[in-house]
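Just follow the structure's listing: the first ligand is 1, and inside any ligand the first atom is 1.
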Amino acid sequence: MAKNDPQQKQQRTFFVKELIAFAVLFILLGFTVYGIFQHSVMQNVDIGLENQRSQILTNQSQPSIRIDPNKGTAKITPSVGGPFRSSTIIFDKDGTIINKPMLGDHFYSLIKSIKLDKTQTDKIYDMTISSKNFTSHFRTLLVKVPESNENALYAGNYAMIVENIDADLLALKSFQKAIFITIIIFWILAISIAYYLSKSSMKPILKSWRRQRDFSANAAHELRTPLTIIRNQLEFLLTKPNDKVVDQAEKISTSLNSVNQLQTLTDRLLTLSRSDADVVQVNLQSQKLDTFFTEVIRPYKDVAASQNKNLTVNIDTPGSGAFDGGLIRQLLVILIDNGIKYTPTEGEIGIDIQRIKDNLKIKVSDNGPGIPDTDKKRIFERFYRTDKSRNSKTGGNGLGLAIASFIVDQHHGKISVRDNQPTGAIFEVSIPLKSHVKVI
Ligand code: ADP
């Protein structure tokens, strides 16, 4: 493919767009999954905080303080059933922490600087506490406990329920990392799959686009030669306004030949472009085989004779069969035309048509130059000609066999070419005959 092929450029643009689209999609996916996960983790923490609050307010399983009157010491019974990582800091109205013994020295040293902010009452918020060695994150809920609370430790005070969320944040961080890696892996995977799929689905499109491009270029090229000839001849005739037709018969006949060539070319181009557009309807009709083939071949005896070439015909086709008469006629015309065209004067062209069971076998042979092995496969391609210089003399355009192959395909048959002995080519066609008329 050429470097500046617009299709390749388009493919590159398409690929870049795919990269971006997948990136956006996966980033969105990542954010959504992470958001949901984070929300559910925090929601669990918050549910824990709310439970604690209701336990405090309903005085369930809460720590209590009991003053030993003999020793003057306070004995605190810790709460039962509270979350493992949560603690409750109790402030009196002035903001002094009153449950220091309950908190433990280490925790107390960490939280002692917390100030009571009464405006945060009943709000869940995050709090970061930093010490020399480490930083801890908490989620907290400040509860104003009514005076009526049965627990003397709480009554009329503020209970700050704090839950350490370091482990949750760590889990979230690991999850973030896992998501990031997963996204990258799946992004690369998705891109590779999309690239492979787009490449394989683009293949037939590219193929038909290139075929169409070559077709138009070749068609224009083929049209140019006869048109140039006609223009030259007409320009020449204009320089001889007083000549009679008979004086310029050669020029006129050359122009006429070119017009005929143009006619054949445009007919063939039309057939092929209709075949591409899938608008060729195969019109199967029951034909009396002998009559049909005799009629198609009859004019060619004269054509061959006029060129001093020998045409031998053998038709052995009993009964009738269904096929598209117009298309099969066109197929025979192409093969016989070629046979006559490429056979030198005094050459032999043979047509052999037989019905073998439900198969129609058509054989057109000649003793012309034949077709080199390397070209045998390619002669059925559009515009392919074995020898350009020889073909320019015969006026061929390389479309006949492409049409022949299309017609045979339409009839689910086969076409092939092999060498004739000692020289020449034999074209063989095999078409299954439908015994009844079927409309496609
Ligand atoms: P064209 O109009 O050029 O004959 P075709 O598609 O019918 O186009 O044939 C393709 C090419 O195959 C021809 O240009 C010619 O080179 C070769 N070819 C076809 N038929 C014969 C034949 N009977 N003998 C030798 N060469 C042939």
Side-chain angles (χ1 to χ4, degrees), residues 211 214-215 217-227 229 257-276 296-297 300 303-304 307-313 327-353 362-410 413-429:
R211 214 165 87 153
D214 295 347
F215 185 71
N218 284 327
H221 182 78
E222 292 300 327
L223 286 167
R224 212 157 49 192
T225 315
L227 281 175
I229 295 172
N257 267 343
S258 294
V259 170
N260 287 337
Q261 265 182 42
L262 275 180
Q263 173 92 52
T264 315
L265 179 62
T266 46
D267 284 351
R268 289 182 171 184
L269 286 174
L270 191 67
T271 308
L272 285 172
S273 63
R274 288 178 69 214
S275 80
D276 285 344
V296 173
I297 288 159
Y300 286 95
V303 175
Q307 297 181 22
N308 275 337
K309 296 171 190 176
N310 259 326
L311 180 71
T312 42
V313 180
L327 291 178
I328 295 296
R329 178 189 301 268
Q330 208 177 349
L331 167 75
L332 279 165
V333 167
I334 290 165
L335 295 179
I336 302 169
D337 250 354
N338 278 352
I340 296 176
K341 206 158 64 176
Y342 296 110
T343 303
T345 318
E346 306 296 335
E348 295 282 339
I349 300 113
I351 301 172
D352 184 57
I353 306 176
I362 301 171
K363 198 150 90 178
V364 179
S365 59
D366 65 69
N367 59 1
I371 297 163
D373 283 348
T374 44
D375 291 321
K376 280 197 177 83
K377 269 189 193 140
R378 301 204 60 195
I379 51 169
F380 296 100
E381 291 173 16
R382 294 172 184 191
F383 296 106
Y384 190 81
R385 286 174 287 186
T386 54
D387 178 347
K388 303 277 184 299
S389 56
R390 190 183 79 206
N391 276 276
S392 63
K393 279 179 220 140
T394 58
N397 46 46
L399 291 178
L401 290 178
I403 293 177
S405 162
F406 163 72
I407 294 171
V408 174
D409 266 0
Q410 292 295 302
K414 284 195 171 70
I415 183 165
S416 59
V417 62
R418 61 183 169 92
D419 291 332
N420 197 4
Q421 295 306 334
T423 157
I426 303 177
F427 282 87
E428 285 174 312
V429 174

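- The proximity of Y384 to ligand 1, defined as any non-hydrogen pair under 4.0 Å, is limited to the backbone.
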N/O donor-acceptor pairs under 3.5 Å from side chains in residues 364-371, not counting sequence neighbours:
from, atom 1, to, atom 2, distance (Å)
D366, OD1, G368, N, 2.8
D366, OD1, A425, N, 3.4
N367, OD1, E348, N, 2.8

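- Ligand 1 lies within reach of G398, whose nearest heavy atom is under 4.0 Å from it.
- In this structure, CG on L399 lies 11.0 Å from CG on D267, to the nearest 0.5 angstrom.
- Classification of D375 and R378 as a salt-bridged pair fails, no side-chain N sitting under 4.0 Å from a carboxylate O.
- Atoms CZ and OG, on R382 and S405 in that order, are 9.5 Å from each other to the nearest 0.5 Å.
- Nearest-heavy-atom check against atom 2 (O) of ligand 1 across D375, N397, T386 picks out N397.
- Within the structure, ligand 1 has F427 among the residues with a heavy atom less than 4.0 angstrom away.
- The shortest N or O to N or O distance between A425 and ligand 1 is not under 3.5 Å.
- Among G368, S365, G370, the residue whose heavy atom lies nearest to atom 25 (C) of ligand 1 is G370.
- Here D366 has side-chain heavy atoms under 4.0 Å from ligand 1, and that is the only part of it that gets that close.
- When each atom of ligand 1 is checked for a heavy atom of K341 under 4.0 Å away, the hits are 1 (P), 2 (O), 4 (O).
- Counting atoms of ligand 1 from 1 in the listed order, those under 4.0 Å from a heavy atom of L399 are 6 (O), 8 (O).
- Heavy atoms from both the backbone and the side chain of L401 come within less than 4.0 Å of ligand 1.
- Atoms CG and CD1, from L311 and I349 in turn, are 6.0 Å apart once rounded to the nearest 0.5 Å.
- Scored by the ring-ring contact (aromatic ring centres under 6.0 Å, His included) test, F380 finds no partners at all (sequence neighbours excluded).
- To the nearest 0.5 Å, atoms CD (Q261) and CG (N397) are separated by 8.0 Å.
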